[in-house]
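Letters A, B, ... mirror the listed sequences (proteins, then strands); counts begin at 1.
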There are 2 protein chains.
Amino acid sequence: MPPERHDRDSVVRTALHLLDEVGLPDLSMRRLAAELDVQPSALYWHFSSKQELLASVADRILSPVPEPAPGIPLPAVAGAIRDALLSYRDGAEVVLSTYALRLGAHRAQDALLAALPQDDRSAADALFEFILGHTMLLQQRMHAQSIGAVTADAADPTEHSDRVFDAGVRAFDVLSAQGRPS
Amino acid sequence: MPPERHDRDSVVRTALHLLDEVGLPDLSMRRLAAELDVQPSALYWHFSSKQELLASVADRILSPVPEPAPGIPLPAVAGAIRDALLSYRDGAEVVLSTYALRLGAHRAQDALLAALPQDDRSAADALFEFILGHTMLLQQRMHAQSIGAVTADAADPTEHSDRVFDAGVRAFDVLSAQGRPS
DNA sequence: ACCTGAACACCGTTCAAGT
DNA sequence: ACCTGAACACCGTTCAAGT
């Protein structure tokens with residue numbers, strides 16, 4: 001049998017799997033090529049650069065976020081985005097670091113926009129930025145803890161994290177929660 | 001005259017200057033060593049790793065943030081943190097990526113905490129996470145634009161960015177702004 | 001259409017040894 | 001106390017050439 005051939009999709013899927021296994025710092029083009037049983041240069045037939053590859057990876061990480069639809073509560077949408085980012089190691093960092101390059105794939109922001117009471121794009125963008133910053137920090141703390149490094153909080157970090165996340169989402173949700181003051 | 005000697009402080013200052021000049025992706029230990037007229041291995045007498053060096057750089061980036069004090073309006077504190085991050089190229093990414101390692105230097109969060117009406121540490125942390133996510137995204141867009149890449153917004157990104165930042169800060173500030181409905 | 005082989009210009013880090 | 005020299009095990013990317 002001839003050696004396997006690949007397309008953009010299979011490369012991205014393998015990259016995603018490798019990301020989850022070794023983390024972003026160790027996700028190299030050479031290592032990915034080895035995983036695909038291919039020379040490193042072969043990757044450059046499918047993608048013009050590592051950045052472009054990572055942008056596709058980022059899109060795929062966010063792809064499970066439900067489509068924009070009115071009626072979904074804001075915390076549900078925010079939680080779905082956070083869960084998508086958390087479902088791969090260093091997921092938030094990958095999305096944050098390739099965000100500027102990705103033209104489409106603003107589905108996540110649009111989903112937040114649809115969940116907000118007013119048509120407030122600034123608030124939707126700000127909430128998305130909060131989710132990204134929050135989740136990147138959380139994933140870093142998770143990694144630092146696994147390395148055995150001393151983290152700021154002695155206690156389990158995920159519990160405190162959940163409270164902080166709720167506080168952030170609630171800040172953006174007051175607009176819809178209030179509306180009729182007493 | 002003998003070649004110059006260095007200590008942690010002078011290394012960090014040079015690193016900060018080099019960061020601003022070339023950006024985080026090109027801030028290598030080898031390049032920093034060359035800037036200091038020193039062999040790369042010399043840096044490992046002062047810092048045990050690049051990560052540890054970057055953590056010191058991150059602390060220095062945030063050092064202009066005013067000390068925690070009651071009475072300062074929340075938007076002023078938030079703006080000061082954003083300005084500190086923006087004053088060096090890729091400043092937000094440096095802080096975000098070393099955050100988990102830095103034990104002290106929670107001055108920024110404490111300043112936010114002091115500016116909040118209640119003693120709400122979760123809200124302070126969430127707001128800090130928003131500022132970091134927001135500023136990292138902004139700095140990336142700035143870089144993508146300087147490279148000539150096509151960004152999502154056709155128009156000037158900083159104007160939209162200011163509105164998004166204000167929307168985020170306001171979300172956390174409603175608690176203090178409301179209080180007396182109507 | 002998809003990949004190999006070889007090369008170029010880099011990385012972070014360690015460690016014995018020097019002054 | 002601070003640094004050199006040399007080495008180790010890596011990087012991303014390009015490009016001619018193969019099938």
Is it true that B/Ser10 and B/Asp7 share a donor-acceptor pair across their side chains at a distance under 3.5 Å?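 Side chains of B/Asp7 and B/Ser10: pair found under 3.5 Å.
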Roughly how many Å is it from [atom1] in [X] to [atom2] in [N], rounded to a whole number?
X	N	atom1	atom2	result
B/Glu4	D/dC2	CD	P	14 Å
A/Glu52	D/dT13	CD	C1'	14 Å
B/Leu27	C/dC10	CG	P	16 Å
A/Arg31	D/dC11	CZ	C1'	13 Å
A/Leu32	D/dT13	CG	P	12 Å
A/Leu43	D/dT14	CG	P	13 Å
B/Arg30	C/dA9	CZ	P	15 Å
B/Leu54	C/dT13	CG	P	10 Å

Applying the Watson-Crick and G-U wobble criteria at under 3.5 Å, what pairs with D/dG18? Answer none if nothing qualifies.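 WC or wobble partner is C/dC2.
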Who pairs with D/dT13 - Watson-Crick or G-U, where each distance is under 3.5 Å: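 Across all strands, the one nucleotide that pairs with D/dT13 is C/dA7.
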State whether B/His46 places a side-chain N or O below 4.0 Å from either non-bridging phosphate oxygen (OP1 or OP2) of D/dC3.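 It does, given that an N or O in the side chain of B/His46 lies less than 4.0 Å from OP1 or OP2 of D/dC3.
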For C/dC3, does OP1 or OP2 lie under 4.0 Å from any side-chain N or O of A/His6?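 Indeed, a polar side-chain atom of A/His6 lies that close.
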Distance (rounded to the nearest 0.5 Å) between A/Thr158 OG1 and A/Met142 CE: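 Between A/Thr158 OG1 and A/Met142 CE, I get 8.5 Å after rounding to 0.5 Å.
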Nearest-0.5 Å distance that lies between atom CD in A/Glu93 and atom CG in A/Leu24: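 Atom-to-atom, A/Glu93:CD and A/Leu24:CG are 5.0 Å apart.
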As a test of understanding, state which of A/Val57, A/Leu54, A/Asp90 forms a side-chain contact (heavy atoms from CB on, under 4.5 Å) with A/Leu27.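 Exactly one candidate clears the test, A/Leu54.
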As a quick check of understanding, evaluate salt bridge (Lys or Arg N to Asp or Glu O under 4.0 Å) for A/Glu159 and A/Arg163, giving each step before the final call. CA-CA 7 Å; A/Glu159 190 199 320; A/Arg163 274 205 303 274; 3.3 Å; yes
Expressed as a whole number of Å, how far does the [atom1] atom of [N] sit from that of [M]?
N	M	atom1	result
C/dC10	D/dA9	P	22 Å
C/dA17	D/dC2	C1'	13 Å
C/dA16	D/dC3	C1'	13 Å

Before you tell me yes or no, could you show the steps for A/Asp26 and A/Arg89 under salt bridge (Lys or Arg N to Asp or Glu O under 4.0 Å), namely the whole-Å CA-CA distance, both residues' side-chain angles and the distance that decides it to 0.1 Å? CA-CA 11 Å; A/Asp26 288 329; A/Arg89 190 162 18 153; over 6 Å; no
A/Ser41 (side chain) and C/dG5 (base): donor-acceptor pair under 3.5 Å: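 Side chain to base: pair found, below 3.5 Å.
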Starting from the 5' end of DNA chain D, give me the residue, B/Trp45 or A/Tyr44, whose nearest nucleotide shows up first.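 Nearest-nucleotide comparison on DNA chain D picks B/Trp45.
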What's the closest nucleotide to the B/Arg5 side chain, out of D/dC3, C/dT13, C/dC3?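 From the listed options, D/dC3 comes nearest.
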Counting only non-hydrogen atoms, which of residues 11-26 of chain B are less than 4.0 Å from DNA chain D?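 Heavy-atom cutoff 4.0 Å gives no residues at all.
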Would you call the rings of B/Phe130 and A/Phe172 parallel, tilted or perpendicular, where under 30° means parallel and over 60° means perpendicular?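 Aromatic pair B/Phe130/A/Phe172 classed perpendicular.
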Is the backbone N or O of A/Leu85 less than 3.5 Å from a side-chain atom of A/Gln139, with the two atoms forming a donor-acceptor pair by type?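 Such a contact is found between A/Gln139 side chain and A/Leu85 backbone.
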